[in-house]
Amino acid sequence: MPVSVTRTTITTTTTSSSSTIVGSPRALTQPLGLLRLLQLISTCVAFSLVASVAAWTGPMGNWAMFTWCFCFAVTLIILIVELGGLQARFPLSWRNFPITYACYAALFCLSSSIIYPTTYVQFMAHGRTRDHAIAATTFSCVACLAYATEVAWTRARPGEITGYMATVPGLLKVFETFVACIIFAFISEPFLYQQKPALEWCVAVYAICFILAAVTILLNLGDCTNMLPIPFPTFLSGLALLSVLLYATAIVLWPLYQFDQRYHGYPRRAADASCAYTHPHSVCYWDRRLAVAILTGVNLLAYVSDLVYSARLVFVKV
């Protein structure tokens with residue numbers, strides 16, 4: 001559903017002054033087209049450098065390789081659609097899809113630019129393979145900046161009618177689901193929360209809020225917001241409020257039951273035996289607990305911001 005962004009209770013609708021030439025090779029000469037070419041080239045170079053020396057062994061290397069290949073493929077599809085003027089035939093809402101993807105791609109490349117060198121490259125022996133891996137990390141950083149620039153260029157401005165995913169709450173939905181996925185990766189060991197109902201409740205909170213945010217994104221990408229039994233603005237407000245309340249419980253319960261000795265927690269890292277053994281591709285249990293606690297706070301702040309910014313949106317039918 002298109003929305004109009006406003007800072008007051010009065011909605012002012014304006015037409016964007018920037019036009020994009022589609023259905024022509026001239027689309028590549030526009031600033032956004034050139035930016036997407038930079039994204040395409042940087043991700044292609046990144047995975048090519050790594051593939052040429054087979055430097056993606058292990059889960060961290062596999063994630064980085066997947067990120068670069070995925071971003072390259074989707075960016076190529078977007079360029080083909082715009083060059084061919086096929087937006088109307090694209091199965092997803094073109095008003096929402098490119099910026100949603102750009103936001104996810106920026107976060108994916110950011111994670112790879114941090115995880116790949118810190119957990120993989122620094123443990124490699126000096127030589128050609130390590131040089132290729134360092135160069136790939138550099139191009140990954142370039143891709144991250146390029147995708148982030150696209151988000152900054154195409155996000156909604158006050159008074160502009162646009163798709164929901166281009167607004168701050170829409171972009172926050174992307175961020176919330178991404179952070180939730182990282183949380184799921186850290187709690188992949190059931191040992192961290194089983195046998196403790198309070199911690200199992202926290203895992204349920206992460207899952208419920210992730211599913212609701214993902215459903216919101218999918219509804220907008222598919223232009224299916226009119227299928228809801230309640231008005232979409234009401235759904236968004238209720239979703240944001242519910243998520244804030246659920247995460248408020250998790251931000252209290254997770255640290256309490258993970259780090260308080262009264263609840264059989266580990267207040268110090270040295271008390272966790274799993275942290276006595278270091279491995280370049282693994283994270284000990286105490287570090288996982290701490291990471292989840294921090295990410296829970298980050299997502300809580302994101303949901304609070306989501307709730308506040310949602311009040312500044314005015315939904316219109318066009």
Side-chain angles (χ1 to χ4, degrees), residues 18 20-22 25-83 96-155 165-166 168 170-172 174-175 177-179 181-182 185 280-281 298:
S18 62
T20 303
I21 302 174
V22 297
R26 291 181 60 196
L28 293 180
T29 64
Q30 300 303 302
L32 188 57
L34 293 173
L35 188 64
R36 286 174 176 159
L37 280 177
L38 177 61
Q39 298 164 0
L40 189 74
I41 294 171
S42 56
T43 52
C44 179
V45 173
F47 77 72
S48 297
L49 285 169
V50 171
S52 65
V53 292
W56 75 89
T57 307
M60 305 307 175
N62 290 338
W63 166 250
M65 192 62 163
F66 164 78
T67 294
W68 300 325
C69 291
F70 173 79
C71 292
F72 170 81
V74 179
T75 302
L76 180 61
I77 291 173
I78 290 176
L79 285 174
I80 292 174
V81 170
E82 292 201 333
L83 284 173
N96 290 296
F97 175 74
I99 191 167
T100 303
Y101 160 71
C103 191
Y104 272 122
L107 293 171
F108 280 15
C109 289
L110 176 63
S111 66
S112 295
S113 300
I114 296 174
I115 294 173
Y116 184 66
T118 56
T119 65
Y120 190 84
V121 177
Q122 69 168 329
F123 298 101
M124 299 173 65
H126 289 275
R128 178 170 176 267
T129 301
R130 191 171 189 268
D131 292 340
H132 277 233
I134 293 174
T137 302
T138 302
F139 279 100
S140 180
C141 293
V142 172
C144 175
L145 291 175
Y147 284 116
T149 301
E150 179 179 347
V151 173
W153 283 2
T154 58
R155 68 181 180 86
M165 295 307 301
V168 173
L171 295 175
L172 283 172
V174 173
F175 179 76
T177 55
F178 179 78
V179 172
C181 288
I182 299 178
H281 303 316
V298 170

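- A heavy-atom distance below 4.5 Å is found between the side chains of Y101 and F70.
- Within the 4.5 Å cutoff, the side chain of W68 has heavy atoms near those of the S112 side chain.
- Side-chain atoms of T137 and V121, non-hydrogen and from C-beta on, do get closer than 4.5 Å to each other.
- Side-chain atoms of F97 and V74, non-hydrogen and from C-beta on, do get closer than 4.5 Å to each other.
- Closest non-hydrogen pair, C109 versus C71, comes out as SG-SG, 4.0 Å.
- In this structure, the separation between CG on L79 and OG1 on T75 is 7.0 Å, given to the nearest 0.5 Å.
- Between the side chain of Q122 and the backbone N or O of T118, at least one donor-acceptor pair lies under 3.5 Å.
- Summarising the geometry of Q39 relative to A146, their closest heavy-atom pair is NE2-O, 3.3 Å, with the distance given to 0.1 Å.
- A distance of 9.0 Å separates NE2 of H126 from CG of D131, quoted to the nearest 0.5 Å.
- Taking both residues in full, the closest heavy atoms of M65 and A51 are given as CE-CB, 3.5 Å, listed atom of the first, atom of the second, then distance.
- To the nearest 0.5 Å, atoms CG (L145) and OG (S42) are separated by 9.5 Å.
- For the pair L40 and F72, the minimum side-chain heavy-atom distance is below 4.5 Å.
- Separating the CD1 atom in I134 from the CG atom in L49 is a distance of 11.5 Å, to the nearest 0.5 Å.
- Heavy-atom minimum distance, F178 versus S111: CZ-CB, 4.0 Å.
- In this structure, the ring of W63 has its center less than 6.0 angstrom from the ring center of F108.
- The line from OG1 of T67 to CG of N62 is 10.5 Å long, rounded to the nearest 0.5 Å.
- Taking each heavy atom of A143 and T43 in turn, the nearest pair found is CB-CG2, 3.8 Å.
- Proximity of the aromatic rings of Y104 and Y147 is defined here by a centroid distance below 6.0 angstrom, and this criterion is not met.
- A distance of 8.0 Å separates SG in C144 from CD1 in I114, rounded to the nearest 0.5 Å.
- The two residues E150 and R36 have their closest heavy-atom pair at OE2-NH2, 2.8 Å.
- Taking 4.5 Å as the limit, some side-chain heavy atom of L171 sits within range of a side-chain heavy atom of I99.
- At a threshold of 4.5 Å between non-hydrogen side-chain atoms, the residues M165 and V174 count as touching.
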